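A quick write-up on the structure given underneath.
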Amino acid sequence: MDVNKLMAELERRHPGESEYLQAVREVLTTVEETYNRHPEFEANKIAERIVEPDRSFTFKVVWVDDRGCVQVNTGYRFQFNNAIGPYKGGLRFHPSVNPSILKFLGFEQIFKNALTTLPMGGAKGGSDFNPKGKSDAEVMRFCQAFMVELWRYIGPETDVPAGDIGVGGREIGYLYGMYRKLARENTGVLTGKGMTYGGSLIRPEATGFGAVYFLRQMLETAGMEIEGKVIAISGFGNVAWGASKKATELGAKVIAISGPDGVVTIPNGMNEEMIDYMLELRASNRNIVAPFAEKFAGTTFTPGKKAWSVKCDIALPCAFQNELNGDDAAELLKNGTWCCAEVSNMGCTPEAIHAFQKAGILFAPGKAVNAGGVATSGLEMTQNCMHISWSGKEVDEKLHFIMASIHDACVKFGKQKDGHIDYVKGANIAGFMKVAQAMLEQGVL
Ligand code: 2IT
């Protein structure tokens, strides 16, 4: 493969889709060497085929707000690749949502899902609907209108959506309710469902828990332990919550969380009450973190600042793509940060990753670190089709096993001659080669 030629062609077909092009370039440059050792991949144009979504759906979502005004949004589903299993991936509701962002997420999802050891293909969808300030009834009407369009394209063995930013348990409930009514079926067509109608224990915690299990293994492999380490986290949503909870439980000190409005520093580290309050803050639909500092004495809110301005051992981006840039990386490194595990999808810019790699600190990419979320979605699908539910302990044990397998795969494909583990390379090669092999064996489609 010739990465520059392939990228030029992709850019011609998807002009200006910067997030999508960024994600593809990162994967292709890291797998190029291994790929080129397989002339059968080149002969079958695996790279050219894997970078394009299989198909995409765009639809209009019309709903009525609480004032009686008609609102119009755009809905999308990008089905990227189903070589190893049904399309699988979240739905994002956020005003920034556009085809470039959903294509980057769908593309990343292919390799992440391949890493989980479970049979799941890659997809992503969502809408430019802004949940901020919306009432519960408005969210319900929007979700129902969204599903009236989406339901034709999905199915438990075809395409299984889940949550992402702006889509949590409440939204999945409304989406599932409408799907069930339209399809006249109770199936595992969405994951992240409530416990009373087919959800899996540990799914809400899984992304954050899995990330901390992975982080613990990174540290252990480097001869360290997580206990006592100082961690800065960005975001205050479901993922930041799960990561804070597990890190605190394992004896680490979470000293910062952040929102679009600024950062809250917690000098003594998070406690249980604070962790519980994160859920309330997220559910309030206000998208600000400042109230956290008003509620807890001894914590400080600094407007306009990111979590990366706080001195820490370990940085865990848990919010948004490209939320940690080159300047942030420089600031962290200056303050002595020696590990960064991306929990958000593509949380770090290429400049930030380069700075971390140049400094030789521990760095792991989102598609490995955050794969526990979708992996537990896969476990929810399994329970649904068996019509049973596992205990929390059983699910957590399986999540442990999966995160350990992902870590092993990163080490296998990412260990350099000097012993340093290039987790970016390891994750990309392991995920890519599995899907490439599956495509090869199934012929030109
Ligand atoms: O980015 C992700 O992996 C998710 N938002 C979860 C997807 C899923 O299907 O559980």
Side-chain angles (χ1 to χ4, degrees), residues 19 23 76-82 84-94 97 101-127 150 154-169 171-172 175-176 188-194 198-211 214 235 237-243 282 317-321 323 342-347 365-384 395 398-399 402-403 406 427 431:
E19 293 86 358
Y76 305 93
R77 185 72 177 167
F78 287 87
Q79 296 180 338
F80 235 101
N81 187 298
N82 66 347
I84 68 166
Y87 298 108
K88 179 86 195 86
L91 298 170
R92 176 175 292 191
F93 292 170
H94 192 272
V97 161
I101 289 180
L102 295 180
K103 274 186 256 177
F104 116 66
L105 289 163
F107 180 73
E108 290 278 293
Q109 200 80 43
I110 306 171
F111 310 109
K112 179 196 317 197
N113 293 5
L115 287 170
T116 65
T117 74
L118 303 174
M120 298 183 289
K124 204 83 189 190
S127 173
L150 182 69
I154 61 175
E157 302 294 340
T158 313
D159 182 356
V160 183
D164 192 80
I165 293 168
V167 179
E171 291 75 16
I172 292 292
L175 290 164
Y176 184 77
V189 72
L190 290 161
T191 59
K193 298 187 291 299
S200 174
L201 288 163
I202 310 292
R203 177 63 189 92
E205 293 87 349
T207 310
F209 277 23
F214 191 93
N238 169 264
V239 175
W241 166 75
R282 154 70 177 86
C318 291
F320 221 60
Q321 70 270 2
E323 56 170 310
E342 237 182 21
V343 194
S344 42
N345 291 307
M346 208 166 77
K367 66 170 78 65
V369 179
N370 74 30
V374 72
T376 308
S377 279
L379 300 175
E380 183 173 331
M381 289 165 70
T382 308
Q383 293 168 79
N384 291 162
V395 179
K398 289 181 168 58
L399 176 60
I402 290 168
M403 297 316 295
I406 299 172

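Just follow the structure's listing: the first ligand is 1, and inside any ligand the first atom is 1. Bear in mind the structure is a predicted one, so any value in this text is a computation, not a measurement.
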**Report entry** Contact summary for Met381 and Val160, nearest pair of heavy atoms
**Finding:** CE-CG2, 3.7 Å
Listing, residues 202-209 side-chain donor-acceptor contacts under 3.5 Å, not counting sequence neighbours, or none:
from, atom 1, to, atom 2, distance (Å)
Arg203, NE, Gly373, O, 3.2
Arg203, NE, Ser377, OG, 2.9
Arg203, NH2, Gly373, O, 3.4

Query raised in the report: In terms of the angle between their ring planes, are Tyr76 and Phe78 parallel, tilted or perpendicular, with boundaries placed at 30° and 60°?
Result: parallel
Query - Test salt bridge (charged side-chain N to carboxylate O under 4.0 Å, His left out) applied to Glu380 - qualifying residues, sequence neighbours left out - result: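 Glu380 satisfies salt bridge (charged side-chain N to carboxylate O under 4.0 Å, His left out) with Lys193 only.
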**Report entry** Under the salt bridge (charged side-chain N to carboxylate O under 4.0 Å, His left out) test, residues paired with Glu342 that sit two or more places apart
**Finding:**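 Counting only residues at least two positions away or on another chain, Glu342 forms no salt bridge (charged side-chain N to carboxylate O under 4.0 Å, His left out).
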Report summary line: At a 4.0 angstrom heavy-atom cut-off, ligand 1 is contacted by Lys88, Gly89, Gly90, Gln109, Lys112, Lys124, Ala162, Gly163, Asp164, Arg203, Asn345, Val374, Ser377
Query raised in the report: Regarding Glu108 and Asn345, is there a side-chain donor-to-acceptor distance under 3.5 Å anywhere?
Result: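 Checked: Glu108/Asn345 side chains show no N/O donor-acceptor pair below 3.5 Å.
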